[in-house]
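One structure below.
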Protein chains: 2
Amino acid sequence: MKRKITLKQIAKELDVSISTVSKALRNSVEISEDTKQKVQAFAKLYNYRPNNIALSLKNRKTNTIGIIIPEIVHHFFSKVIRGVELVANQRGYNVIVGLSNESFAKEVINMEMLANGSIDGFIISLSKETLRQQDYHHFNETINQGMPIVMFDRVVNEIQCDKVIVDDFEGAKNAVDKLVNNGCNNVALITTKDYVSVGRLRTQGYIESLKNHNLELKSELILKLDDNIDYEVNLDALEKEIQQLFKANKTIDGIFAVNELYALTAMRVASRLGFNVPNDIQVVGFTDGVLSKHSTPSLSTVSQHAQLMGEKAATLLIDRLENDDDYENYQTQIIASELIERESTK
Amino acid sequence: MKRKITLKQIAKELDVSISTVSKALRNSVEISEDTKQKVQAFAKLYNYRPNNIALSLKNRKTNTIGIIIPEIVHHFFSKVIRGVELVANQRGYNVIVGLSNESFAKEVINMEMLANGSIDGFIISLSKETLRQQDYHHFNETINQGMPIVMFDRVVNEIQCDKVIVDDFEGAKNAVDKLVNNGCNNVALITTKDYVSVGRLRTQGYIESLKNHNLELKSELILKLDDNIDYEVNLDALEKEIQQLFKANKTIDGIFAVNELYALTAMRVASRLGFNVPNDIQVVGFTDGVLSKHSTPSLSTVSQHAQLMGEKAATLLIDRLENDDDYENYQTQIIASELIERESTK
DNA sequence: AAGCATCACGAAAACGTTTTCGTGTTAAAA
DNA sequence: TTTTAACACGAAAACGTTTTCGTGATGCTT
């Protein structure tokens, strides 16, 4: 077990100075051809690679970006990571992952851990708890220390930084437009409480679409679920909520749900109550998940292009890292969503 | 925009030496109470945090572990990451993620990028291409340089290191046992080509179970799919293969599939051909995916406890990193799988 | 008053790089 | 022969820590 070889060791072996070795390896004109050859051959033989940590310290640049997400076991977020990783790698960066697990405290701790030199910048999607508490001091502190942040998906107006978001409003509007155009007159909405920005925007898109079609907005058709409850493990509770919605409103002929789980569960409950999807009730979800494609009937959905979001976020961040000149001209990129029609709509 | 404060700056401001500041902050007895208070107050005021990179360089230890996986948009792997991250964070480590994208070259490049000082050790699941080419030189080189590796799930006997695996053989055997005990006499197997170790082991479990029940092993009931094809995008191709299996073997009354997609597709094809699941045909998959739970009928499956695998792998790695003494007593931990019965079996 | 601990702190090395600047040697120019 | 320029290399600083060792000042013991 031989440790990794360093410049110092090469210098010693070849009886030259460390500077000479360093220059020889970087093909400096200061060094004679002879010496260069000798050093390079030796370095190759021993498979020399510069130590990243030493380089980071010297250059005050780690070539690493940190991504902090609320949850990794989630199709949307893992696709974002893939996008980030893709462009990061292309541009010579590594990606370090932190999970906030939807907790404010973990988000803060994670950021502090990474902000002390480990990374050059952050890509982040806020935890629900952070959104609820509206405590954003850690972002401002980070930015004030000269470390750029790019927020994606769950963003917040209070913080000045680059952002990448989905056109939640437009996406929702289009989805509901589709349902209405397909003949639905009583489109219900299954959404989250308003503090999650994306939930709020999608709700507004729903409302806008109804208005544009001169349809009455009936509050009893809007089911706002408390998404602190993990319905993935409490499926029964979710089913009950939705079943109640159907029972109380027999005329429902369309469902727009702000995520995949809600949409899918709605479909299942509808079937159980004897409705046919899409003939009696049409359903559209909002997501990038795998479930939609493989369910029966397969679910029409608003795709968010998660991987593209990741790519854009990484590009934004790295561009900023590599151009010190452009100063505080923060931009917000909006990724167009796309309605993917499957069997749950006509 | 104030840069992060350093020991040197504190020393300058307070007109003491760097050593004094460092010692004062670590509460050394060498320093007088007065000075300590002064320094600590100042440090707190300016929110001093030691620079991780400098520490890493000094200690020759990064407190970061690298995980290299073939694909992140995959329920199994993201759950493993969650497990790794969980114990890594608990023990003060960060996690850096590399994606091989099932490519040998990317696996090598990723490892080389990280092995040059960025991390203390690897957790890795081999890419399919690596398994096919059986070229493991990069692992040996890494280990020889004193950097420990823990392999999980897709492992390989040729490399001496810690490993965490699922009892693929037992898991498959139990699944097929279940089918046979439920009355299936013609259980088909949908699997991958043999070079993926987990596929091979699951196939052997299938064979063993049939043998134990004195059932004839019929090669026409074994469908070996080429998993270089991404059936997730080529669903049609997959359906055709499976449809052919059914058409050629009318007596099939049970299916064991080595992954979720195969199992789910088999269910769908079966329904389309007019079979009822589970009354005519029972199906069991092998996976930790989300699809199984939400499909109709929901899919019985062999769970691999992905998160637990991640936790074990991280524990194994960190234990080794922190105990230089226990030398090369590599262990292989086997995670028991669990048969989760849902609607696709009786 | 001389010797000796104890105290409180600073200098310097080390981790592994890169880079600036200085310097000794050789060859060309005056 | 002397001056100058080019060449080839080394010393040292810097990045931000921690830690070992040295040292001047003080107070105590004889």
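Lettering follows sequence order; numbering is per chain, from 1. If you're wondering where the values come from, they're calculated on a predicted model, not measured in any experiment.
Between A/Arg91 and A/Glu322 there is a salt bridge, with a side-chain nitrogen of the basic residue lying less than 4.0 Å from a carboxylate oxygen of the acidic one.
With a 4.5 Å cut-off on side-chain heavy atoms, A/Met151 and A/Asp162 do not count as touching. Counting heavy atoms from C-beta outward, B/Thr130 and B/Asp135 have side chains that stay 4.5 Å or more apart.
Under the 3.5 Å distance criterion, the side-chain polar atoms of A/Ser100 are left unmatched by any main-chain donor or acceptor of A/Lys106. Distance alone, capped at 3.5 Å, is enough to place a donor-acceptor pair between the A/Gln40 side chain and the A/Ala24 backbone. Side chain of B/Lys163 to main chain of B/Val156: a donor-acceptor pair is present (N/O by atom type, distance under 3.5 Å, no hydrogens or angles). Proximity of a side-chain donor or acceptor of B/Gln145 to a complementary backbone N or O of B/Met147 within less than 3.5 Å is not detected.
Side chain of A/Ser32, nearest nucleotide from C/dC9, D/dA8, D/dT18: D/dA8.
When the local axes at the two ends of the helix from C/dA1-D/dT30 to C/dA30-D/dT1 are compared, using 5 base pairs at each end, they differ in direction by 80° after rounding to 10°.
Taking atom CG of residue B/Asn116 and atom P of nucleotide C/dC15, one finds them 18 Å apart after rounding to whole Å. Taking atom CD1 of B/Ile5 as the reference point, atom P of D/dG16 lies 12 Å away to the nearest angstrom. Distance, B/Leu7 CG to D/dA14 C1': 15 Å, rounded to whole Å. When rounded to the nearest whole Å, the span between NZ of A/Lys4 and P of C/dC15 equals 17 Å. Protein atom CG of B/Leu14 is 11 Å distant from nucleotide atom P of C/dG10, rounded to whole Å. Atom C1' of nucleotide D/dA8 and atom CG of A/Asp15 are separated by 15 Å, given to the nearest angstrom. The separation between B/Lys8 atom NZ and C/dG10 atom C1' is 15 Å, rounded to whole Å. Here D/dT19 presents its C1' atom at 15 Å from CZ of B/Arg60, a figure rounded to the nearest Å.
In this structure, a donor-acceptor pair under 3.5 Å is absent between the side chains of A/His138 and A/Asn140. B/Ser32 and B/Thr35 form a side-chain donor-acceptor contact under 3.5 Å, judged by distance and modelled atom types alone. When only modelled atom types and interatomic distance are considered, B/Lys4 and B/Asn51 share no side-chain donor-acceptor pair under 3.5 Å.
In this structure, A/Ser56 reaches neither bases nor backbone, as no heavy-atom distance under 4.0 Å exists between it and the strands shown.
Nearest-nucleotide mapping onto DNA chain C: of B/Lys58 and B/Thr35, the residue sitting toward the 5' end is B/Thr35.
If you check residues 17-31 of chain B against DNA chain C, the residues with a heavy atom closer than 4.0 Å are B/Ser17, B/Ser19, B/Thr20, B/Lys23, B/Glu30, B/Ile31, listed by number. Across residues 42-55 of chain B, B/Tyr48, B/Arg49, B/Pro50, B/Asn51, B/Ala54, B/Leu55 each have a non-hydrogen atom less than 4.0 Å from an atom of DNA chain D (numbered order).
When the shell of 6.0 Å around CG of B/Asp15 is examined, it contains 12 or fewer heavy atoms from other residues, nucleotides or ligands.
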